[in-house]
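Given the structure is predicted, the values throughout are model-derived calculations rather than measurements.
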Amino acid sequence: MKKVTLFISEDSKASDKVKAFLDKNDVTYELKNVTKNKTYLKELQEIKIFGTPTLFIDGKKIEGIQENKILYELGLANHSSEDAFSFENVFRDE
């Protein structure tokens with residue numbers, strides 16, 4: 001089983017979404033709330049991470065809401081695709 005650790009902040013919709021996504025997929029994880037426990041905040045800052053949610057799967061860092069990447073790293077998907085915004089066709093001529 002892979003070791004999964006999720007760092008979250010209170011009142012963060014993004015943190016809530018990643019937590020709900022893990023729960024929906026029956027992923028067992030360690031939850032570290034940086035708002036309630038400043039030791040967790042320092043733990044992140046020491047490795048130059050300054051935002052939440054941040055997820056570690058067997059030591060591999062995934063920042064923000066990247067559902068496809070999370071599924072891939074957990075072995076629940078066959079390929080990893082970026083969940084980032086695409087600028088494709090944004091600047092196309094009308």
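No side-chain heavy atom of Leu74 sits less than 4.5 Å from a side-chain heavy atom of Asn25.
Judged purely by atom type and a 3.5 angstrom limit, Thr35 uses its side chain to pair as donor or acceptor with the backbone of Glu10. Panel note: side chain Asn37, backbone Asn33; no donor-acceptor pair is recorded below 3.5 Å.
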Using side chain to side chain contact (heavy atoms under 4.5 Å, CB included), reason through Ile62 and Thr54 one step at a time and then give a plain yes or no. CA-CA 6 Å; Ile62 301 173; Thr54 301; over 6 Å; no
Give the C-alpha distance, both sets of side-chain angles, the deciding distance and a yes or no for side chain to side chain contact (heavy atoms under 4.5 Å, CB included) between Phe21 and Leu55. CA-CA 12 Å; Phe21 181 77; Leu55 181 68; over 6 Å; no
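A side-chain donor from one of Ser12 and Ser15 sits under 3.5 Å from a side-chain acceptor of the other.
A salt bridge links Glu63 to Lys61: one of the charged nitrogens lies within less than 4.0 Å of a carboxylate oxygen. At a threshold of 4.0 Å, the pair Glu30-Lys3 counts as salt-bridged, since one of the basic side-chain nitrogens sits closer than that to a carboxylate oxygen.
Of the inter-residue distances, the one linking Leu41 atom CG with Phe50 atom CZ reads 9.0 Å to the nearest 0.5 angstrom. Between the CD atom in Glu43 and the OG1 atom in Thr5 there is a gap of 8.0 Å [rounded to 0.5 Å]. With values rounded to the nearest 0.5 angstrom, Ile8 atom CD1 is found 4.0 Å from Leu31 atom CG. Atom CG of Asp11 and atom CG of Asp16 lie 8.0 Å apart (nearest 0.5 Å). Expressed to the nearest 0.5 Å, how far CG of Asp58 lies from CE of Met1 amounts to 11.0 Å.
The two residues Lys17 and Ile65 come nearest to each other via the heavy atoms CD-CD1, 3.7 Å. For the residue pair Leu44 and Gly51, the shortest heavy atom distance occurs at CD1-O, 4.3 Å. The shortest heavy-atom contact between Phe7 and Tyr40 is CE2-O, 3.7 Å. Among all heavy-atom pairs drawn from Pro53 and Val18, the shortest one is CG-CG2, 3.7 Å. Between Val4 and Thr28, the closest heavy-atom pair is CB-O, 3.7 Å.
The local environment of NZ in Lys2 is crowded, with over 12 non-hydrogen atoms from other residues, nucleotides or ligands closer than 6.0 Å.
Connection of Leu71 to Leu6 is established within a shared hydrophobic cluster, with ILVMFWY side chains joined at heavy-atom distances below 4.5 Å, either directly or through further cluster members.
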